[in-house]
Every structure is written in structure tokens, then in C-alpha cells.
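Worksheet: the structure to be examined is printed underneath.
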Protein chains: 2
Amino acid sequence: MGVLETTKTRAARVENAVELPLGRILDGDCVEAMRKLPDGSVDCVFADPPYNLQLGGDLNRPDGSAVDAVTDHWDQFDSFKVYDDFTRAWLTEARRVLKPDGALWVIGSYHNIYRVGAILQDLGFWILNDIVWRKTNPMPNFKGTRFTNAHETLLWASMGEKAKYHFNYRAMKTLNDELQMRSDWVLPICSGGERLKEGGTKVHPTQKPEALLYRVLLATTEKGDVVLDPFFGTGTTGAVAKRLGREWIGCERENVYRDAAYARIAKELPLDESALETMQSKKNAPKVAFGALVENGYLKPGTEVFDKKRRWVATVRADGSLAVGKQTGSIHGLGKDLQGAPSCNGWTFWHYEVDGDVKPIDAARQLYLLATED
Amino acid sequence: MGVLETTKTRAARVENAVELPLGRILDGDCVEAMRKLPDGSVDCVFADPPYNLQLGGDLNRPDGSAVDAVTDHWDQFDSFKVYDDFTRAWLTEARRVLKPDGALWVIGSYHNIYRVGAILQDLGFWILNDIVWRKTNPMPNFKGTRFTNAHETLLWASMGEKAKYHFNYRAMKTLNDELQMRSDWVLPICSGGERLKEGGTKVHPTQKPEALLYRVLLATTEKGDVVLDPFFGTGTTGAVAKRLGREWIGCERENVYRDAAYARIAKELPLDESALETMQSKKNAPKVAFGALVENGYLKPGTEVFDKKRRWVATVRADGSLAVGKQTGSIHGLGKDLQGAPSCNGWTFWHYEVDGDVKPIDAARQLYLLATED
DNA sequence: AGTTTTTATGAATCTTCAC
DNA sequence: GGTGAAGATTCATAAAAAC
């Protein structure tokens, strides 16, 4: 195990470069395509394989509109067995073409990432981190049946327990306001001008944000490194690699995606720093839910809270709701209802007693923030 | 497949209760211990299995002080094979003792969670969410060799793709200030007064925060449910279960942990009934037929109702059906047909005038419910 | 032209009960 | 088990439309 942090050209780059299809998207099945590459020839593999979503019927939003689901043929697998075989096949080829000090990245969701993670461990890869991409704007759970699925997972692995790998620790720390970069990354989904569209409809159903690739490549590759993406899609990996001065190779069997990717990457200019803006933006001011205070014991369920004039006394319940007799609601909603007001700031409306003092519940929030701030 | 949200006592609770070792920590290996429990007898399994950390050698902070790593004998496994066999064994028993509408929770890190996730899928469990516990105060990466490992992962799974399960959606939404609870949970690690210590050193190396269990149990169990924890440790699950009015059973083979857990849980006080009440979904509200409102004079036959933009105006008929010209139907069916939508909630679609105000007909239902409850 | 309101949409394993 | 009806259910963003 070890970390290399260097800007020097890596050995064996020049001799491989002449035979590698740099800046090209290989046609056809990715396992077949990768077979054309020599052993130990790439520095990094970034893979965004099909997630095997196993969706049922149609889904409609509360307003009745339809959700545009990922029903493409390339995401259809008959069983976990079939998906596992597919996964083992492409991971085996990826492992063959990686240099001994190369690294693998895979992104996935709970549908597939546990299969992928177990198989890559079985093949000898050594997980260095699992990274959580926390989406600022995920799709909600429209039916209220589960927690909002608000993240995806990336696995970062070296070639083995004792293998060397590259990690640009300083760059990551700088990018994160001089704090160590953590394993949870907060980034928006790909939308707006960045999202490739053709006649108003998205070209690819699962295009990844460039800021995600930017951080991956900046963290774990050097300038001039060769990055291989076996599921190239519309070429986010290639576009960001070019921007950052890395070489790239893609595999993609759909003509439409290949064409879109070539056109997109041709427009890309090396060393454009625009994506940095998104990444360096400070974390949003921490919001605290009243429920968090209850969970963490700052206000115990059963505590009585009241407005300043003690016109109403409410009881704190286990889920952070309040109750006055049969009327219940959130700190804001119940305050609003009781007063018949259009709105109410529950943080300043409700008070509680601490050691004989009466304080707004906002005081508990301040204590909580002090105790938990990074 | 489905979601149940109810405060009612679950069927089959009473008969099982008499034979189950509620409030007890079973001694010995958890697989052996679980064999003593009958099939389909518990509502929830929460498991915090050994992490298979495979730390090579000792770890030191930059100042030379040693990190108290998890190197206890119970955490050593020769290989993934041994760990997988162990995992399959306890998950199989957990599956046997769970009710058909029960649920499984497992917490882990990247060292073990991919093994666990793949195996539980192989056994037929159906993943509902993977939850990221984002730590506000993780241990830094002292050597600067990787990203700060700032999270752990929890898997929440039902007994199968079509199995029912329980999710207190409304309580979670309330706990999160009226926004859907997401799959990423921000909580501090267990420290301070909550951390069990004996002579200045921590009793258990991986004690989980009570806030984590609080959210798990509040979200996916009901009052009176039986929660089994096969790796009980110092009893965080039992302490929170008791506080929340849930029954608990533990398995733990280390005497020291069992003793600490019993002492800890004895000090725990259950919350009283009223504090345990949580916000309820409308799914639980007693059903009211629109016709009942008409019968009882809340909306008289002949009243005009209309959608918000007054694109359609319908007349209420004596049997609770609506008519727009020759088109007739129920409040839902007619709203659906007029819009050409896949479905329509007539309660919120149709409005009526009361004292000059425009209100959804759902307001009349609320009045009716208030007047008739109890 | 500038501001406010409305609409569209994103890797989604997304209902339940009676007949 | 299949079908149909009742009825519960959404957050952040960006672009378009309205004012």
C-alpha cells in the first residue's frame, strides 16, 4: 500500500502512448473493445456501468405528470446472476489493462453497487474509499414510500492491498477550504446548459455532472495520465479529461452516444477552470431540523414548550411534532394554526425552561450547532 | 410490495410475546442464540456486525500517539470467504425469525458492507434504501493518504420484492422540518456523556449513537414491535427501543458488554404515551365517503364545485356523484376523466365557496372528521 | 426591460383494497 | 390472481411565460 504524489511523467507512458487509441471511442461491447488494449497500459479506469434498476410499471408525480424512467435495453438484466457475470467480465478486463499503480473508479446505486463492490474485492482490487455523492437536488419519492434516494456511491480501488496508488492530497485539501476532503461530496445533478439535448429531449438518460469527474480526475490522476471509460456514454469523462490535460479512451456501443460525445469533446478547451466554481462553493449554511434536536436529546420528547405569554402550552413528541390537545403539527405549522396567522417562525415562537430560565427553542438549536459544527 | 403505516397493534404479537425472551440478552454465538427463537416472530432486526477491518499493523497519529484500532479477536477473519460464510449464516437466521412484513437493518463500512449487501440480496431480501450516516465529527485521515472516511452505510431491506413493510413516512417528514427525509443522515458520532466508559477507557470500540437508532426505530417500527439485535454490544438498540416503547431481544457473547448493556438499559425510562405519538399519514385516517358529507349537509346537493382555475364547474348530486353537463362520475373519476389524467384526488382537485372563501372539498372532510371523532 | 409566476423534470426498484 | 376504483403523494432548479 502506498501513495504517490508527483507531477512527473510516469514511466512507461511514452512507449504505450504510440499504440494506444488515445482520444478515440472504441465501438462495440466494452469487454471486446478493452481486449484490444495492451496489459498494464492505463492509469485510471472510470466506469459508470448500467445500474440494473429493475423498475416496475409507470410512475406519476402528484400532479399527474409521468416520470421519464430509465427503461433502455442496456439496463435490462434477467437476474443477479447475469448481472454478476457481466460485471465480472468487464472488471476483469479493466484489471488487466490497468498499470500496477493504477486505480479503478465505479459509480452506482444500491441496485448494483453491492454486487460490484463484492466482485471487485473478489478480483483483488483493494477499496481505498467509498465516496457518497450527495445530490443537492435529487428526484423526490413521489409516493411517500421510502426515504428520498438522494445519493449515489462511487468506489475507489487500487490494484491490491499492497499496490501503490496516486492521491493528490494537497489539491483536495485546497479545493475544500483547507480542510481534508471527506468521503461525502455535495454536488448538484447534471442539468441546465451542461445537459446535452437534442430537439429538447436529453441525449442520454443518465449523464453525470462534470464537477463529479473533475474531482475524481483531479484527486487521483496526473497530467498526461491515460483514463479509460468503458461505458463512455456522451463522454463526460473525455470532456473533463481533455480539460484537465489527461489522455482518454472510451468504449461505447451506441452510435448516438458516440457521435454526441465526439462533438462535445471537440468543443472542449483544455484547462478551462469553470467547473472549479461549483466545487469550491462553500457548504450551504447548515440547516437544523427541530427533529434533530429531539433525536439528539437537546429537547426530550414530553418536554413542554409554550409561547411567550403562555397562551398555549404544547408537548414535544417523539418525531419532533408538537401537540396542544388534539391539535398537532410542526413547530412552525402549529404556531401558525393556533394564532390563525399566515406563517410563524416556530424557533422564536416556542419557548422552554432550562434551569429556571425561559428560552426560545432557537437557543437549543444554537447549542446543537456549536456542538456539531465541523 | 407495500407500505404500512399504522398505530394499531400488529396481529400475532400477543401469542408470540409469551414465548419470546423480551428484554433479555442471549448468551453465546448469535447464530446459535437466534435458533432458539421461533419462525416469523420479530418485527425488525437491527445488526451491527463486525467490520472485518483487516488493519495492518498499528496506526499512529502525527503526534505519535496510538489510535485505538479495532483489533479485538472477534473482528479477525482469515479471508472474505470466512467473512461471507459468517454473514450468510447470521443473515439466514435473521431472515427465518423475521415476520413476512418485518424489516432488516445492517450497518457497516466499505470494508464489509459490499459483502453484506450482495449476500442479503442473494438470500431474497429486497433493499429499500441504502442510508448514509454522514458523521459531523469523523476521525481525520492522519496520514493524508485517502479521503477522510466520514460516513458509514446502513442497508434497509424488506423480506422480498413483493413483501409489505412499515415506513412512518409522516413522522420522518415531520422530523425533518416538513421535507421528505433523505437517504443521507447527518449525525454526530457517539461521544461525551453518551459514550460508556469504564475507568476512563471506552467499554466498546464501536458504540453507535442513540440518535441513529432513534431514527431507525421511529421510521420503521411501531410501538410494541419486537426488535432483535444479534450483535448487541453495549445495548444501544435496547436502550432506544425501551425509550420508544418497543420490545427488544439481544444476542451478545462477551460478558463485559452484556453486563454494561443490562446496567445501561435499567437506567433508561420509557417515554410516556403522549410523547410517543407521531404525526400520522392520511392513509391512516378513517375513510370518509364524499356521499357522507352530502348526506350530513356539509355540502348540499346542487352545490357547485370547480377546479382551482375554474376550467370545469360541476354540480353535486344527491348520491355524492358530480355532473358537468352530461359527464358524471365520482369526485375522483370525473376529475380524472376531465383532465385526461392517469388519476386524480378529487378531495384536493374540487373546490367550493364558503363565506366568500374558496376551499378544497377536503376542508369539509376535515370538519366532518373533527365533528365525528371519538 | 425587469420582476414574478408557472411549468418542466431528474438512474425511481414509488398504493391499497374490494370484488 | 386480475381488474378497477379510491385516493395519497414532490424538492430543487432552470427555463419559459406572464406581468
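Computed from heavy atoms alone, side chains included, the values below leave out hydrogens, waters and symmetry copies. The sequence lines fix the lettering, A, B, ..., with proteins before strands; numbering per chain opens at 1.
For a distance-only test at 3.5 Å, the side chain of B:Arg365 fails to qualify as a donor-acceptor partner of the base of D:dG7. Judged by distance alone, with hydrogens and angles left aside, A:Arg146 brings a side-chain donor or acceptor within reach of the base of C:dT13, the pair sitting under 3.5 Å. The base of C:dA11 sits with one of its N or O atoms less than 3.5 Å from a complementary donor or acceptor on the side chain of A:Lys208. Residue-to-nucleotide contacts include a donor-acceptor pair under 3.5 Å from the side chain of B:Ser343 to the base of D:dA8.
The nearest whole Å value for the distance from the CD1 atom in A:Ile189 to the P atom in C:dT9 is 13 Å. Remark: P of D:dG7 and CG of B:Leu369 are 12 Å apart, rounded to the nearest angstrom. The distance from atom CG of A:Leu187 to atom P of D:dT13 is 12 Å, rounded to the nearest whole Å. Rounded to whole Å, the distance from CG on B:Asn284 to C1' on C:dC17 is 15 Å. At whole-Å resolution of the value, NZ in B:Lys287 and C1' in C:dT16 are 8 Å apart. One can place NZ of B:Lys283 at 9 Å from C1' of C:dT16, the figure rounded to the nearest angstrom. Note: CG (B:Asp337) to C1' (D:dG7) measures 15 Å, nearest angstrom. Residue A:Lys197 contributes atom NZ, which lies 12 Å from atom P of D:dA14 at whole-angstrom precision.
Put simply, B:Ser281 has a side-chain N or O that comes within less than 4.0 Å of OP1 or OP2 on D:dT9. Between A:Tyr110 and the phosphate of C:dT13, there is a side-chain N or O to OP1/OP2 separation shorter than 4.0 Å. At C:dA12, none of the side-chain N or O atoms of A:Ser109 fall inside 4.0 Å of OP1 or OP2 (strictly under the cut-off). Between B:His332 and D:dA5 there is no side-chain N or O to OP1 or OP2 distance below 4.0 Å. At least one side-chain nitrogen or oxygen of B:Tyr169 sits closer than 4.0 Å to the OP1 or OP2 atom of D:dT10. At D:dG7, none of the side-chain N or O atoms of A:Lys143 fall inside 4.0 Å of OP1 or OP2 (strictly under the cut-off).
In terms of position on DNA chain C, the residue among A:Gln54 and A:Asn137 whose nearest nucleotide sits closer to the 5' end is A:Asn137. If A:Pro205 and A:Thr145 are placed on DNA chain C by their nearest nucleotide, the residue sitting closer to the 5' end is A:Pro205. Nearest-nucleotide positions on DNA chain D for A:Gly192 and A:Met139 put A:Met139 closer to the 5' end.
The residue B:Asn345 sits close to a base: some heavy atom pair falls under 4.0 Å. Counting non-hydrogen atoms under 4.0 angstrom, A:Thr206 reaches a base of the nucleic acid. Contact annotation for A:Pro49: base contact, defined as any heavy-atom pair under 4.0 Å involving a base atom. Counting non-hydrogen atoms under 4.0 angstrom, B:Lys173 reaches the backbone sugars and phosphates but no base. Using a 4.0 Å heavy-atom cutoff across all strands shown, B:Leu179 reaches sugar-phosphate atoms only and no base atom. When heavy atoms are screened at a 4.0 angstrom cut-off, A:Asp75 is found touching base atoms of the nucleic acid. Among the atoms of the strands shown, none is found under 4.0 Å from any heavy atom of B:Asp362. Base engagement by A:Gly57 is indicated by at least one non-hydrogen atom pair under 4.0 Å involving a base atom. Among the heavy atoms of the strands, none lies under 4.0 Å from A:Cys190.
Taking the centre of each ring, B:Trp156 and B:His166 stay at or above the 6.0 Å mark. The six-membered or imidazole ring of A:Phe232 lies away from that of A:Tyr257, with a centre-to-centre distance of 6.0 Å or more.
For the C1' atoms, the distance from C:dT13 to D:dT13 is 25 Å, rounded to whole Å. With both ends at atom P, the span from D:dT9 to C:dA11 equals 25 Å, rounded to whole Å. C:dT7 and D:dT10 are spaced 14 Å apart, taking the C1' atom of each and rounding to whole Å. Comparing the C1' positions of C:dG10 and D:dG7 gives a spacing of 26 Å, expressed to the nearest Å.
Comparing D:dT9, D:dG7, C:dA11 against the side chain of B:Trp347 picks out D:dG7 as the nearest. For A:Asn141, the listed nucleotide lying nearest its side chain is C:dC14; candidates were C:dT9, C:dC14, C:dA11. Comparing D:dT10, C:dT13, D:dA8 by their nearest atom to the side chain of A:Asp63 picks out D:dT10.
Taking the six-membered ring where tryptophan is involved, the planes of B:Phe349 and B:Trp312 are tilted, since the angle between them lies from 30° to 60°.
A donor atom on one side chain and an acceptor atom on the other are found under 3.5 Å apart for A:His111 and A:Ser109. With no hydrogens or angles considered, a side-chain donor-acceptor pair links B:Ser183 and A:His151 at under 3.5 Å.
Taking a pair to require two hydrogen-bonding distances under 3.5 Å in either a Watson-Crick or a G-U wobble arrangement, C:dA11 remains unpaired. Nucleotide D:dT3: paired with C:dA18 (Watson-Crick or G-U wobble, both distances less than 3.5 Å). With a cut-off of 3.5 Å on both pairing distances, D:dT9 has no Watson-Crick or G-U wobble partner at all.
In C:dT5 the base sits anti relative to the sugar, since the glycosidic angle is further than 90° from 0.
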- [ ] Test B:Phe167 against A:Phe147 for ring-ring contact (aromatic ring centres under 6.0 Å, His included), laying out the working first.
- [x] CA-CA 9 Å; B:Phe167 180 51; A:Phe147 298 97; 4.8 Å; yes
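The closest donor-acceptor contact from the side chain of B:Gln180 to the backbone of A:Asn141 lies under 3.5 Å.
Geometrically, A:Arg365 engages A:Trp347 in a cation-pi contact defined by less than 6.0 Å to the ring centre and at most 45° from the axis.
With centroids closer than 5.5 Å and planes inclined by less than 30 degrees as the test, A:Phe142 and the base of C:dC14 fail to qualify as a stacked pair.
Separation of atoms CD1 (B:Ile127) and CZ (B:Phe125) is listed at 11.0 Å; rounding is to 0.5 Å.
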